[in-house]
2 protein chains.
Amino acid sequence: MKVSAQEEYGLRCLLQLAPLGEGEYLTLTQIAEREGISTANAGKLLWILNKAGLVSSIRGTKGGYRLARSAAEIHLDEIIKVLDEDVLASHCNSYTGILDACIHTGNCGIRPVIVGLHDVVRRAMAGITLAQLLGTESNVETTLHQINSLSRETAHRRA
Amino acid sequence: MKVSAQEEYGLRCLLQLAPLGEGEYLTLTQIAEREGISTANAGKLLWILNKAGLVSSIRGTKGGYRLARSAAEIHLDEIIKVLDEDVLASHCNSYTGILDACIHTGNCGIRPVIVGLHDVVRRAMAGITLAQLLGTESNVETTLHQINSLSRETAHRRA
DNA sequence: TCTAATCTTGACTAAAAAGTAAGGTATCCG
DNA sequence: CGGATACCTTACTTTTTAGTCAAGATTAGA
């Protein structure tokens with residue numbers, strides 16, 4: 001399993017916009033430089049995020065990008081879905097409902113694994129917001145604990 | 001996030017070998033036909049699994065492949081690691097220790113997310129064996145419940 | 001209005017993953 | 001021994017993903 005480059009850098013761009021105050025904007029150049037990617041590449045990512053309603057933009061001099069909503073209202077699962085097919089996709093997208101494309105339809109040995117993992121990942125991501133990712137460096141342990149707790153709570157609720 | 005084709009079909013191949021009895025073998029042709037992939041493709045996957053010690057093979061007439069160990073002793077996390085880089089890889093492999101390749105070293109906003117997700121996925125996979133995936137169709141719910149339970153138990157143990 | 005700064009968009013190029021082809025090697029069996 | 005079967009290995013082709021380029025459109029301010 002792999003986190004795609006688009007998911008990773010899209011998330012990084014959002015993370016740069018998250019701490020901005022009211023009326024503040026970052027330009028493509030600023031965002032790209034901080035992440036070490038080209039402005040062309042950053043532009044493509046931000047356009048995807050813009051189209052999906054996660055960021056808003058202003059053109060022209062003094063223009064730039066900002067979050068379309070509060071960082072506390074943007075959850076990780078939504079971000080990942082916007083930047084890629086789903087929080088967890090497979091070659092044989094059994095769980096999306098597109099069953100026709102799969103020759104194993106009706107007797108697929110790995111379907112339960114993929115459905116299960118998809119659920120675990122989705123629930124973990126749904127419990128994390130952009131705002132929670134803001135701190136620096138030392139919050140690795142905090143976030144990890146948070147993801148694990150979330151996983152536990154949701155499992156309890158289902159039981 | 002995506003499950004690669006190699007991971008998916010490699011797992012499917014193992015799942016075919018899992019129910020074989022002592023001294024039984026499946027040939028490349030048999031495996032490939034059941035999965036709807038070419039023998040060349042199946043051969044590549046089985047070679048990877050063989051090299052990693054998950055399956056063993058016999059050449060010549062009456063030859064074929066079988067599991068190198070009992071299906072109950074092969075866990076999902078090991079399978080996925082063999083078929084791909086890790087249970088969860090990212091463009092910026094912060095969690096693998098290869099920190100130099102990342103310009104965000106020391107101040108990486110998304111590192112906690114990736115480390116956390118990596119842990120959630122690894123624990124879920126470590127709790128599933130090939131033997132548990134053997135049944136057909138109707139065990140989707142069983143496996144899903146199993147993954148969730150595992151997630152819960154492990155979280156408790158850590159707390 | 002003119003100009004510089006900035007986002008927008010589609011087409012192009014490069015890199016990685018997936019899949020294919022072909023010749024090599026080992027084993028069985030007559 | 002010799003042919004048939006089946007795995008082993010490397011190199012190649014195709015497809016997908018990632019990244020780049022360049023021309024267009026919009027806004028602020030002089």
Side-chain angles (χ1 to χ4, degrees), chain A residues 1-13 17 23-33 35-66 68 80 83-86 89-93 101 103, chain B residues 1-13 17 23-33 35-66 68 80 83-86 89-93 101 103:
Chain A
M1 282 168 52
K2 203 171 268 182
V3 176
S4 73
Q6 186 158 297
E7 287 169 328
E8 178 171 334
Y9 279 100
L11 177 55
R12 285 188 195 282
C13 291
L17 301 178
E24 287 188 292
Y25 290 84
L26 284 183
T27 68
L28 266 186
T29 307
Q30 292 174 312
I31 295 171
E33 272 180 5
E35 296 301 347
I37 60 179
S38 68
T39 58
N41 198 359
K44 186 190 233 176
L45 295 172
L46 283 155
W47 180 71
I48 293 172
L49 296 168
N50 189 353
K51 207 175 44 170
L54 288 180
V55 312
S56 63
S57 62
I58 294 191
R59 297 212 266 199
T61 315
K62 302 286 182 186
Y65 297 91
R66 67 174 178 85
I80 300 299
L83 290 165
D84 213 330
E85 207 170 335
D86 197 341
S90 72
H91 178 263
C92 202
N93 294 346
I103 69 157
Chain B
M1 280 166 54
K2 202 170 274 184
V3 175
S4 72
Q6 185 158 298
E7 288 168 328
E8 179 172 334
Y9 280 99
L11 178 54
R12 285 189 194 282
C13 291
L17 301 179
E24 287 188 293
Y25 289 85
L26 283 183
T27 67
L28 265 186
T29 307
Q30 292 175 312
I31 296 171
E33 271 180 5
E35 296 301 346
I37 60 180
S38 69
T39 57
N41 198 357
K44 186 191 231 173
L45 296 172
L46 282 156
W47 179 71
I48 292 172
L49 295 168
N50 189 352
K51 207 173 46 170
L54 289 181
V55 310
S56 63
S57 62
I58 294 193
R59 297 213 262 199
T61 315
K62 305 283 184 184
Y65 296 91
R66 66 176 181 83
I80 299 300
L83 291 165
D84 212 333
E85 206 170 335
D86 198 341
S90 72
H91 179 264
C92 203
N93 295 344
I103 69 157

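Quantities reported herein were computed from a predicted structural model and do not represent experimental measurements. In what follows, chains carry the letters A, B, and so on, assigned in the order in which the sequence lines appear, proteins first and then strands, with residues in each chain numbered from 1.
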Of the listed D:dT20, C:dT6, C:dA26, the closest approach to the A:Thr27 side chain comes from C:dT6
How close or far is atom P of D:dT20 from atom CG of A:Leu45, stated in whole angstroms?
-> 11 Å
Which listed nucleotide (D:dT20, D:dT27, D:dC8) is nearest to the side chain of A:Ala40?
-> D:dT20
Return the value, rounded to whole Å, for the distance between atom NZ of A:Lys44 and atom P of D:dA22.
-> 16 Å
Do any side-chain nitrogens or oxygens of A:Tyr25 fall under 4.0 Å of OP1 or OP2 in D:dT27?
-> no
On DNA chain C, nearest-nucleotide positions of A:Gly60 versus B:Ser4: which is more 5'?
-> A:Gly60
Nearest-neighbour nucleotide for the A:Thr61 side chain, D:dA28, C:dT8, C:dG19 considered | D:dA28
Determine: side-chain N/O of A:Asn50 to OP1/OP2 of C:dT8, distance under 4.0 Å, yes or no.
-> yes
Contact class for A:Gly64 vs. all strands (heavy atom < 4.0 Å): base, sugar-phosphate, or nothing?
-> sugar-phosphate
Starting from C1' on D:dA18, measure out to CD on A:Glu35 and report it in whole angstrom.
-> 16 Å
CD of A:Gln6 versus P of D:dT16: gap in Å, rounded?
-> 16 Å
On DNA chain C, nearest-nucleotide positions of A:Lys2 versus A:Gly63: which is more 5'?
-> A:Gly63
Can you tell me how far SG of A:Cys13 sits from CG of A:Asn41, rounded to the nearest 0.5 angstrom?
-> 8.5 Å
Shortest side-chain distance from A:Tyr65, nucleotide among C:dT9, D:dT27, C:dC7 | C:dC7
Does OP1 or OP2 of C:dT20 have a side-chain N or O of B:Ser38 closer than 4.0 Å?
-> yes
To the nearest angstrom, the CG-P distance between B:Leu83 and C:dA17 comes to 14 Å
Is there a side-chain polar atom (N or O) of A:Ser57 under 4.0 Å from OP1 or OP2 of C:dT8?
-> yes
Rounding to 0.5 Å, atoms CD1 (B:Ile31) and OG1 (B:Thr39) come to a distance of 11.0 Å
In whole angstrom, give the distance that lies between atom CE of A:Met1 and atom C1' of C:dA17.
-> 17 Å
Write down the distance between CD1 (A:Ile58) and C1' (D:dT26), rounded to a whole number of angstrom.
-> 12 Å
Nearest heavy-atom pair of B:Ala68 and B:Gly53: which atoms, and what distance?
-> CB-O, 3.3 Å
Do A:Leu11 and A:Val3 come close enough that some side-chain heavy atom pair is under 4.5 Å?
-> no
Taking only N and O in the side chain of B:Trp47, is any of them less than 4.0 Å away from OP1 or OP2 of D:dT9?
-> yes
Separation of A:Gln6 CD from A:Ile48 CD1 (nearest 0.5 Å) = 4.0 Å
On a heavy-atom basis, the closest approach of A:Glu24 and A:Arg66 is O-CB, 3.7 Å
Quick one: which of D:dA28, D:dG24, C:dG19 gets closest to the side chain of B:Asn41?
-> C:dG19
Select one nucleotide: of C:dC28, D:dC8, C:dT8, the one nearest the side-chain heavy atoms of A:Leu28.
-> C:dT8
Report the distance from atom CG of B:Leu26 to atom P of D:dA6, rounded to the nearest whole Å.
-> 12 Å
